[in-house]
Each structure stands twice: as C-alpha cells, then as structure tokens.
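Note that ligands are numbered from 1 as they come in the structure, with each ligand's atoms numbered from 1 the same way. Position 1 is the first residue of the sequence, and the numbers go up from there.
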Amino acid sequence: MPLACSSEKKDSTEATAAAAGNDSQVKKPVVISTWNHGMAANAAAWKLLKDGGSALDAVEAGVRVPESDPEVRTVGLGGYPDREGKVTLDACIMDQNSNCGSVAFLEEIVNPISVARKVMEDTPHVMLVGEGALQFAVEKGFERTNLLTEASKKDYENWLKESKYQPVINIENHDTIGMLALDEKGDISGACTTSGASYKMHGRVGDSPIIGAGLFVDNEVGGACATGLGEAIIRVSGSAMVVEVMRQGATPQEACKIIVERIYNKLKDVENLQVGFLALDKKGNYGGYAIHKGFNYAIYSNAVNNELIDATSMFN
Ligand code: SD4
C-alpha cells in the first residue's frame, strides 16, 4: 500500500513515530543543527525565529557562529586545511521557494554561507567555486582573511610528518554544521557549511555545498542535511533522498534511517566511515540517524530549550 503523502492528514503514524516529539500538531518555530557547535548556532537562529524572523535569515545567522569561531576546527575560520596547507570551504543555502546558492573550494572568506546566499540572490547561478567564488565575494564586499589559524597550522605541520590521508569515523562531535529551521509562517530553509574532510586533496569538494547531497529543502515536505564522509553522501544524493522518503510518509527519523541504511548496504568499506543525516518536516517533527554512534544534534523550539540529542545509529 502506498504511504500517505505528507500533505495529507496522518494521525496514528505521526503519534507512534519513533523520532523525538513526533505528533500531528504543528510545532513552530523550530531549529535543529548538527553536532555540539549546533548549540551556539541554534541560539543565534532562535533569536530571529522567536520574534517571527524568517527561516532563511535564521539559518544564515545560525551557521555564521561556528564559521566565525576559530575554536570550531571543521567550519570556516580555523578549519583544518587540505594537504597543501590551504583552508578551502564549502557551503550552501536553500529556501522555501527552492532557491539555492552554493560556494565550493572557497578560500580566505570567514563566512562562506553568506557568499552562498549572495550567489542565490544576486546571480542567475546556483554555484560558484574557487577563484571565481572568491572574486565574487570580494566584489560583494567580503573581506579576505587568512583562515589558517596558529592551531590549524600546528596540526597541519604535525600531520605533514606522516602525510597520511585516512578518513576516520568521526565521533568527536566537531564536524560540518547543517541547520534546518521552520519559521512561524511555516516555511523551511536550510544551510550547510564546512571546511570539509581534513587534509583532503587540494581541490576536493565534498557533499556539503551540493544541493541534494549535503542539504535539501522542499517546502511541501521538509528538509534534510548531512554530515560525515561526503563521497558516500554524494553517491546516493543523500539529503534529497531523505526528503523524498519523507514525502512518501516516513517520519524524519525513519527517513534518515532508510537512507543511512541504503548507504551502508551499497558501500562496502562503510564500516570504517561515518555518515549521519538530520531531518525536519513541515510539522516541526525532527530526527537524526547515523551509521556509527557519536553523532548528535541540537534542537531549539518552544518546547525544547536548546538541547543536545544523541542520534540513534546502526552500530552502538
Ligand atoms: C565533507 N561532509 O566534506 C563533509 C565534512 C564532514 O565528516 O561532515 N566530515 O565530506
């Protein structure tokens, strides 16, 4: 039997859903974001959302916090560099009208999410990369900054001693930030920003700036974002698939689980990798799921005062 479309009324399904707080009542506004650094990001987003601000403004303001924080070593300023010692950033943003903007392989800009928004709003394009993205950012008034902090430089110099590129399961709670928000009007937007996999090849771009992979929003259904090994996420168009599964009637939690399991079943080496998804639907229901234990996310709503939740996983 086909699952109900998400715009139809679903009572018992929602009420018995596994995800945190799933029920049929619309709960808005709400903002969720990945990892521990999601707490500070959520707080900034909530300031706008609680006063009726738009989800789009909220997700941009939210993810700018870890981007600007040199202590957050996997996003924006102070992010881990690539194997040539260069910090290159990926980010994208998507709104309730399916407008989207993205930058990839961008250097020297602290807040790539705001450049992505400018790409969305001020150009006929969706994505700018590398030199072109930097040139655009500078034209738009963004300042050039050396993103390689002393701490990142020191770690890089240590890494150079072995120069081993080996993606590891990320259980350290300091990764890409993906954020999804549902505003008072009932609109959903999302943002995703990262310095990417540490010590990646120069020029490597992950899932985070790719609409449909690192982030996807369909305002009829909900939104999803991803963290973990970008190559695995791109191969299944991860976030777009999570949203499609929600469209078929799955809760956010169920949808994240289905796509994580799809990745696990398709990719042979996945036991050594981490992938996690976070999703939010039109009613303010949310959920997260990962291959391995250790993925957490932050939630802020009228009912939940900015709390961290451990996502469930295939392996504990
Ligand atoms: C990437 N998904 O560049 C991002 C970064 C990440 O664990 O989340 N790494 O692949």
Side-chain angles (χ1 to χ4, degrees), residues 32-38 41 63 66-67 72-76 78-83 86-94 102-107 112-113 116 127 129-130 133 147 152 155 159 165-180 190-216 224-242 256 259-260 263-264 267 269-279 288-298 311 313:
I32 54 173
S33 57
T34 55
W35 303 111
N36 288 355
H37 52 221
V63 303
E67 280 185 342
V72 176
R73 307 292 304 285
T74 50
V75 179
Y80 288 113
D82 65 17
R83 57 179 61 183
K86 299 202 156 67
V87 181
T88 71
L89 305 178
D90 296 339
C92 73
I93 193 161
M94 189 162 190
S102 163
V103 288
F105 191 43
L106 174 63
E107 293 181 59
I113 199 66
M127 191 164 192
V129 305
L147 303 178
S152 294
D155 285 342
W159 175 81
Y165 180 64
Q166 193 176 38
V168 288
I169 297 168
N170 193 330
I171 54 167
E172 290 150 339
N173 301 337
H174 55 61
D175 213 298
T176 295
I177 184 157
M179 175 178 272
L180 304 162
C192 187
T193 175
T194 189
S195 53
S198 325
Y199 315 123
K200 60 196 174 185
M201 286 176 70
H202 189 59
R204 180 266 190 187
V205 169
D207 61 306
S208 305
I210 298 184
I211 298 295
L215 174 73
F216 194 69
C225 57
T227 184
L229 190 80
E231 283 74 4
I233 297 160
I234 292 170
R235 286 164 74 181
V236 301
S237 298
S239 294
M241 290 301 152
V242 171
C256 292
I259 301 307
V260 163
I263 290 174
Y264 178 77
L267 307 185
D269 55 354
V270 83
E271 269 186 51
N272 293 318
L273 308 170
Q274 175 65 310
V275 168
F277 290 102
L278 196 53
Y289 196 83
I291 296 176
H292 294 283
K293 193 175 172 209
F295 172 40
N296 61 5
Y297 59 92
S313 55

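The two atoms that bring His37 and Val75 nearest to each other are CE1-CG2, 4.2 Å, heavy atoms only.
Nearest to atom 2 (N) of ligand 1 by heavy-atom distance, out of Asp207, Thr176, Val75, is Asp207.
Close approach to Arg204 involves these atoms of ligand 1, each under 4.0 Å from a residue heavy atom: 1 (C), 3 (O), 10 (O). Atoms of ligand 1 lying under 4.0 Å from at least one heavy atom of Gly196, given by number and element, are 3 (O). Heavy-atom contacts of Thr227 reach the following atoms of ligand 1: 8 (O) (cutoff under 4.0 Å). Atoms of ligand 1 lying under 4.0 Å from any heavy atom of Ser208, numbered from 1 in the order shown and given with element: 2 (N), 4 (C).
Ser237 contributes no side-chain N or O that, together with a main-chain N or O of Gly212, makes up a donor-acceptor pair within less than 3.5 Å. Side-chain atoms of Ser239 come within 3.5 Å of backbone atoms of Ala213 as a donor-acceptor pair (strictly under, hydrogens ignored). Side-chain atoms of Asp90 come within 3.5 Å of backbone N or O of Phe105 as a donor-acceptor pair.
Under a 4.0 Å N-O distance rule, the pair Arg204/Glu231 qualifies as a salt bridge.
Inclusion of Ile233 in the set of residues having an N or O under 3.5 Å from an N or O of ligand 1 is not warranted.
Here Thr194 has side-chain heavy atoms under 4.0 Å from ligand 1, and that is the only part of it that gets that close. At a heavy-atom distance under 4.0 Å, only backbone atoms of Ala197 (N, CA, C or O) approach ligand 1.
Put simply, the side chain of Val260 does not reach to within 4.5 Å of the side chain of Phe295, judged on heavy atoms.
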